[in-house]
Each structure stands twice: as structure tokens, then as C-alpha cells.
Amino acid sequence: MFDNRISIFTGHFGSGKTEVAVNYAVKLAQMKKKTAIVDFDIVNPYFRTADVKSFLEQKDIYVITPLYANTNVDVPALPGDINAIFEKKEYSVVFDVGGDDLGARVLARYNKEIVEDDYEMFFVINVKRPMTDTPDRIEEMIDSIEYSSKLKVTKLVNNTNLLQYTREKDILEGMELIREVSAKLKIPIGFSSFITDKPEKLEKEIGTEVLGMDKLIKLPWD
């Protein structure tokens with residue numbers, strides 16, 4: 001799950017992509033890896049890595065955010081730090097990429113640097129969301145993101161949830177649908193993720209590694 005130097009997280013709005021990316025970065029830091037996280041989410045005004053910047057920095061995680069976020073700027077002005085991160089090979093880097101093809105377009109700017117490095121591109125799926133609730137819709141979203149980013153999705157992530165109402169049954173149903181997508185597109189399932197402090201409890205039943213998460217991303221009024 002944590003084998004590559006660069007880990008890119010993409011997914012549709014509501015997939016929980018940012019929650020997964022942030023928790024993934026925290027786990028890397030807990031493993032004593034020198035960790036950086038890059039906020040490429042220029043589309044969604046909520047649930048952004050930048051919202052927990054102070055928390056992440058307390059974990060000794062290097063946080064890079066765009067100079068223009070949540071505006072009508074199509075491709076944001078990114079600080080020079082982003083170029084340096086490709087040179088600092090001692091860092092394990094997490095990219096939190098904005099939902100759908102518009103957010104993924106930012107990645108295309110760094111296609112050469114990424115493909116020449118050791119990377120994984122995860123596509124985070126919540127089958128309880130309307131735009132990713134069928135295999136055809138998931139496939140369409142993956143195609144769109146790959147086209148815009150000029151990168152291939154290499155792993156799928158089952159993040160099926162209904163927030164605090166999530167049941168084990170929901171996670172297993174999500175896995176069944178995602179396995180269908182995985183078989184058709186020949187993209188392996190990397191792991192499953194959900195809010196739990198006992199990830200090993202469902203690993204055998206789900207059939208994948210589990211990223212046990214804490215609820216870190218909150219709306220302003222929470």
C-alpha cells in the first residue's frame with residue numbers, strides 16, 4: 001500500500017478522496033517516512049488538504065498548497081516548492097487532486113516528472129455517490145481523469161461509505177461493484193479505506209488491505 005515514492009489520489013466529488021489522501025500521508029509520517037502532501041484540489045471549496053494544514057505540519061508533514069485555489073483560475077499558480085519536491089527523492093509525496101477532469105488537468109503540467117519517478121495513481125470510489133454508482137459511470141470517470149491528467153490510473157480504492165451511517169454491508173457491496181470494474185479495466189484494487197481504529201477486523205472478509213482512517217476533514221460549521 002505504501003510502496004511508491006509518489007502516491008496520487010484522484011476521484012469524483014464526494015468520493016472521500018481528500019480524507020483518504022490526508023490519512024494516507026499521516027500513516028506515512030507514522031512510519032517515520034519523510035512525507036510531503038500537495039494540495040491540487042482547485043475545484044472544491046470544502047474538504048481540502050489546506051483545511052488541515054496546521055494539523056499536518058504538527059505531524060512533520062510538508063504541506064504544499066496552490067497560490068490560487070477555489071477561484072476561476074483554470075490552472076493555478078503553484079509555488080516553486082512543487083518543482084523541488086520532484087528533486088527531493090528522500091520525500092514520500094502524496095498528491096490530493098481535485099475531483100473529475102478539471103482538477104486532474106493540473107497533473108498534466110507535471111506529467112514528465114511523474115512518469116519518470118516511482119508513482120502510483122489511485123482512483124478513490126464511493127459507490128454510494130450518484131456519479132460513481134455503476135460500473136459504466138466509474139469507467140467513464142476514470143477515462144475522463146486519465147485523458148485530462150495524461151496519466152493512467154494504476155490502482156482502485158474502495159472508499160464506499162454513507163458517512164456515520166456506513167455499515168459493513170455497504171463496504172462489501174462497494175467491493176463487489178469495484179471488483180467488476182477492476183476485472184473489466186484490468187486495474188487492480190489497491191486497498192479499502194474507512195473510519196476505524198481496527199482495520200484488520202475486515203481485511204480478510206473484504207479481501208484487500210485496509211487503510212483505517214480518522215475523521216480529519218470537517219466542514220466549517222462542524
Side-chain angles (χ1 to χ4, degrees), residues 1-33 35-37 41 47 49 52 55-56 59 61 92-97 99 118-129 131-135 138-139 141-142 145 152-218:
M1 189 192 311
F2 303 102
D3 297 332
N4 300 83
R5 190 181 89 84
I6 295 177
S7 301
I8 303 166
F9 288 90
T10 64
H12 191 54
F13 301 121
S15 65
K17 162 193 61 64
T18 293
E19 190 76 81
V20 175
V22 168
N23 273 273
Y24 188 96
V26 170
K27 290 293 190 297
L28 284 171
Q30 289 174 347
M31 295 164 63
K32 306 302 182 186
K33 294 191 176 187
T35 305
I37 186 166
D41 196 340
F47 300 112
T49 297
V52 287
F55 170 82
L56 294 172
K59 302 288 184 182
I61 297 172
S92 293
V93 187
V94 177
F95 287 89
D96 173 22
V97 182
D118 174 35
Y119 84 97
E120 198 90 82
M121 186 154 96
F122 296 99
F123 183 75
V124 179
I125 305 167
N126 180 359
V127 307
K128 298 302 181 180
R129 300 295 294 178
M131 296 304 293
T132 49
D133 58 349
T134 69
I138 293 170
E139 183 177 354
M141 186 60 60
I142 289 173
I145 285 175
K152 288 293 183 182
V153 169
T154 60
K155 294 283 176 66
L156 305 178
V157 175
N158 177 18
N159 191 50
T160 300
N161 71 87
L162 290 164
L163 300 175
Q164 69 267 33
Y165 305 107
T166 307
R167 301 163 298 170
E168 181 179 329
K169 176 175 175 287
D170 299 316
I171 299 167
L172 295 173
E173 285 177 355
M175 181 57 70
E176 185 177 345
L177 190 151
I178 293 167
R179 281 200 181 103
E180 185 178 337
V181 175
S182 173
K184 182 180 179 182
L185 300 183
K186 295 181 171 51
I187 302 174
I189 299 171
F191 60 91
S192 299
S193 52
F194 48 90
I195 306 296
T196 179
D197 58 356
K198 296 180 180 178
E200 66 283 349
K201 184 179 177 183
L202 279 177
E203 277 191 349
K204 186 175 181 181
E205 191 168 358
I206 293 175
T208 69
E209 289 184 273
V210 170
L211 176 69
M213 301 191 297
D214 294 319
K215 182 62 178 168
L216 300 177
I217 307 294
K218 295 180 173 62

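Nothing here was measured: the structure is a model prediction, and the numbers come from that model. FYI, side chains are in, hydrogens and waters are out, and symmetry mates aren't considered; it's all heavy atoms of this structure.
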Visitor: Does any non-hydrogen side-chain atom of Ile217 lie less than 4.5 Å from one of Val52?
Guide: yes
Visitor: Mind checking whether Ile138 and Leu177 have side chains closer than 4.5 Å, heavy atoms only?
Guide: yes
Visitor: Salt-bridge test for Lys169 and Glu173: reply yes if a basic N is under 4.0 Å from a carboxylate O, no otherwise.
Guide: yes
Visitor: Who are the salt bridge (charged side-chain N to carboxylate O under 4.0 Å, His left out) partners of Lys59, not counting sequence neighbours?
Guide: none
Visitor: Are Ile171 and Phe194 packed together at the side-chain level, in the sense that at least one heavy-atom pair is separated by less than 4.5 angstrom?
Guide: yes
Visitor: Please report the shortest heavy-atom distance between Ile8 and Ile6, naming the atom on each side.
Guide: CG1-CG2, 3.9 Å
Visitor: Looking only at heavy atoms, what is the nearest atom pair of Ser182 and Pro188, with distance?
Guide: OG-CA, 3.8 Å
Visitor: Just by distance, do the side chain of Asn161 and the backbone of Asn126 share a donor-acceptor pair under 3.5 Å?
Guide: no
Visitor: Is the Tyr24 ring parallel, tilted or perpendicular to the Phe2 ring (thresholds 30°, 60°)?
Guide: tilted
Visitor: Between NZ of Lys215 and CD of Glu19, what distance do you get to the nearest 0.5 Å?
Guide: 4.5 Å
Visitor: Could you report the tightest heavy-atom contact between Phe191 and Met1, atom names first, then the distance?
Guide: CD2-CG, 3.5 Å
Visitor: Report the distance from atom CD of Glu205 to atom OG of Ser192, rounding to the nearest 0.5 Å.
Guide: 11.5 Å
Visitor: Distance check, rounded to the nearest 0.5 Å: Asn4 atom CG versus Glu120 atom CD?
Guide: 4.5 Å
Visitor: List the atom of Ala25, the atom of Thr35, and the distance in Å for their closest heavy-atom pair.
Guide: O-CG2, 3.7 Å
Visitor: Measuring from atom CG of Asp96 to atom OG of Ser7, what distance do you get when rounded to the nearest 0.5 angstrom?
Guide: 12.5 Å
Visitor: Determine whether Arg129 and His12 make a side-chain contact, defined as any pair of heavy atoms from C-beta on separated by less than 4.5 Å.
Guide: no
Visitor: Between Ile206 and Leu172, is any pair of side-chain heavy atoms under 4.5 Å apart?
Guide: yes
Visitor: Could you state the interatomic distance from CD1 (Ile125) to NZ (Lys17), rounded to the nearest 0.5 Å?
Guide: 14.0 Å
Visitor: Can you tell me how far apart OG1 (Thr166) and NZ (Lys128) are? Round to the nearest 0.5 Å.
Guide: 9.0 Å
Visitor: Name the one of Thr132, Thr208, Asn159, Leu156 that satisfies side chain to side chain contact (heavy atoms under 4.5 Å, CB included) with Ile178?
Guide: Leu156
